[in-house]
Amino acid sequence: MAPARRRGLADEVADRIRKAIFSGAYAPGAPLREVELSGVLQVSRGPVREALRVLEREGLVHCAWHRGTVVTTLSAEDVAELDSLRGALEDLAVQQVIAHASEEGLAAVEKAADVMEHTTDPHDMVRLDIAFHDAVFAATGHQRLAAAWESIRCQVHLFLLTRIGHSTEGYLGCIPQEHHALAAALRARNPQAALPLFAAHRRHAVDVVTGTSNPARGLARRTWAPPSS
């Protein structure tokens, strides 16, 4: 066996670049030049190159010999594939939460929705949106399902950045209310209520990205109440 390599520096560089992408410093399609990044981060080009490979595996950047490395721009096919996979994972997560979530797990989901009330920055709202869904998958208690979500999490984050890149009209106002409705549906432990709400939540974001809906429309304009027993 070859000696193990220390990858701490490359991982830190990947974290820094990932954070910059998520903050909006590098928009989809923006170039990521090794020389510039190594200068800004004060590291050699080796860790930067390795970090970019990590981000490419996550789907956040695209490397091509004739163009260099750029932040990924999602195609229509990318959006459709990501939405279908996310939907399959999230439907299972909703069912698992309803069947098995502890009080602590449900409280964590509700807390993640509450935090959304306190931000006025769209990029921060995207981060909190992802954190809400992290809490949902964590509440399932299903380790392999949570790992599957983790494998597409960065791409979903990029998708939501693409969503606010298209329009932020009504975004900050409707997103907290949408997530409060989702948390309430999980609290009610009724899959007939929760599954359609999560599907509508996903569909609204896809419609904004594909230009097939009014960005201001969303779950915030609907009234949700637990079905009577």
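Since the structure is predicted, the reported quantities are computational estimates derived from the model, not experimental observations.
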Could you tell me whether Lys111 and Asp114 have a side-chain N and a carboxylate O separated by less than 4.0 Å?
no

Could you check whether any side-chain N or O of Thr69 sits under 3.5 Å from a backbone N or O of His62, counting only pairs where one atom can act as donor and the other as acceptor?
no

Can a salt bridge be assigned to the pair Arg202 and Asp91 using a cut-off of 4.0 Å between side-chain N and carboxylate O?
yes

Residues Ala14 and Ala51: closest non-hydrogen pair is N-CB, 3.5 Å

Say whether, by atom type as modelled, one donor and one acceptor occur between the side chain of Arg16 and the main chain of Asp11 under 3.5 angstrom.
no

How long is the span from the CZ atom in Arg203 to the CG atom in Asp83, to the nearest 0.5 Å?
5.0 Å

Can you tell if the side chain of Val126 reaches within under 4.5 Å of the side chain of Tyr171, non-hydrogen atoms only?
yes

Keeping the roles fixed (side chain from His166, backbone from Val209), state whether a donor-acceptor pair exists under 3.5 Å.
yes

Would you please test Leu182 and Val136 for side chain to side chain contact (heavy atoms under 4.5 Å, CB included) and show each step?
CA-CA 10 Å; Leu182 298 176; Val136 171; over 6 Å; no

Do Asp134 and Trp149 come within less than 4.5 Å of each other through their side chains, counting heavy atoms only?
yes

Taking the basic N atoms (NZ, or NE/NH1/NH2) and the acidic carboxylate oxygens, is any pair closer than 4.0 Å for Arg18 and Asp15?
yes

Going from NE2 on His201 to CD on Glu90, what distance comes out if it is rounded to the nearest 0.5 angstrom?
6.5 Å

Main-chain N/O of Ser167 paired to Arg163 side chain as donor or acceptor, under 3.5 Å:
yes

Determine, stepwise, if the pair Arg187 / Glu103 fulfils salt bridge (Lys or Arg N to Asp or Glu O under 4.0 Å).
CA-CA 9 Å; Arg187 168 66 71 180; Glu103 173 60 32; 2.8 Å; yes

Is the backbone of Met116 close enough, under 3.5 Å, to the side chain of Thr119 for a donor and an acceptor to pair up by distance?
no

Give a yes or no answer on whether the side chain of Gln177 reaches the backbone of Gly173 with a donor-acceptor pair at less than 3.5 Å.
yes

Could you report the tightest heavy-atom contact between Thr140 and Ala93, atom names first, then the distance?
CG2-O, 3.5 Å

Would you give the length of the straight line joining atom OG of Ser44 to atom CD of Glu50, rounded to the nearest 0.5 angstrom?
10.0 Å

Proximity of His157 and Phe22 rings by center, below 6.0 Å
yes

May I ask whether Leu128 and Ile130 are part of the same hydrophobic cluster, defined by side-chain heavy atoms of I, L, V, M, F, W, Y residues being less than 4.5 angstrom apart, directly or through others?
yes

Would you mind checking if Glu58 and Arg53 are paired as a salt bridge, meaning a charged N to carboxylate O distance below 4.0 Å?
no

Ignoring hydrogens, what is the shortest heavy-atom contact between Ala108 and Ala135? Give both atom names and the distance.
O-CB, 4.1 Å

Establish whether Val70 and Leu60 are linked, either directly or via other cluster members, by ILVMFWY side-chain heavy-atom contacts under 4.5 Å.
no

State the CG-CZ distance between Leu52 and Arg57, to the nearest 0.5 angstrom.
11.0 Å

How about Gln96 and His142: does a side-chain donor come under 3.5 Å of a side-chain acceptor?
no

For His180, check ring-ring contact (aromatic ring centres under 6.0 Å, His included) against everything at least two apart and list the hits.
none

To the nearest 0.5 angstrom, please state how far the CZ atom of Phe159 sits from the CG atom of Leu82.
7.0 Å

Minimum heavy-atom separation for Gln155 to Gly59, with atom names?
CG-CA, 4.1 Å

Out of curiosity, does Val115 fall in the hydrophobic cluster containing Leu160 (side-chain heavy atoms, cut-off under 4.5 Å, transitive links)?
yes

Between Ser38 and Glu34, is there a donor-acceptor pair closer than 3.5 Å when you use the side chain of the first and the backbone of the second?
yes

Taking the side chain as C-beta and beyond, is there a heavy-atom pair between Thr162 and Pro28 under 4.5 Å?
yes

Which residues pass the side chain to side chain donor-acceptor pair (under 3.5 Å) test with Ser102, not counting sequence neighbours?
Glu104

Rounded to the nearest 0.5 Å, what separates atom OG1 in Thr168 from atom NE2 in His123?
10.0 Å

Taking all non-hydrogen atoms of both residues into account, name the closest pair between Val13 and Val48 and its distance.
CG1-CA, 4.0 Å

Within the distance-only criterion (no hydrogens, no angle test), does the side chain of Thr72 pair as donor or acceptor with the backbone N or O of Val61 below 3.5 angstrom?
yes

Under the 3.5 angstrom rule, does the side chain of Asp207 hit a backbone N or O of His204 as a donor-acceptor pair?
no

The criterion is side chain to side chain donor-acceptor pair (under 3.5 Å); which residues satisfy it with Arg33, sequence neighbours excluded?
none

Over all atoms of both residues, closest heavy-atom pair of Gly29 and Thr73
N-OG1, 3.3 Å

Under the side chain to side chain contact (heavy atoms under 4.5 Å, CB included) rule, what do Ile17 and Leu41 come out as? Steps first, then yes or no, please.
CA-CA 9 Å; Ile17 299 172; Leu41 297 172; 4.3 Å; yes

Closer than 3.5 angstrom, by distance alone: can the side chain of Arg189 be matched with the main-chain N or O of Ile98 as a donor-acceptor pair?
yes

ILVMFWY network linking Val79 to Leu158, side-chain heavy atoms under 4.5 angstrom
yes

Do His179 and His133 have their ring centres less than 6.0 Å from each other?
yes

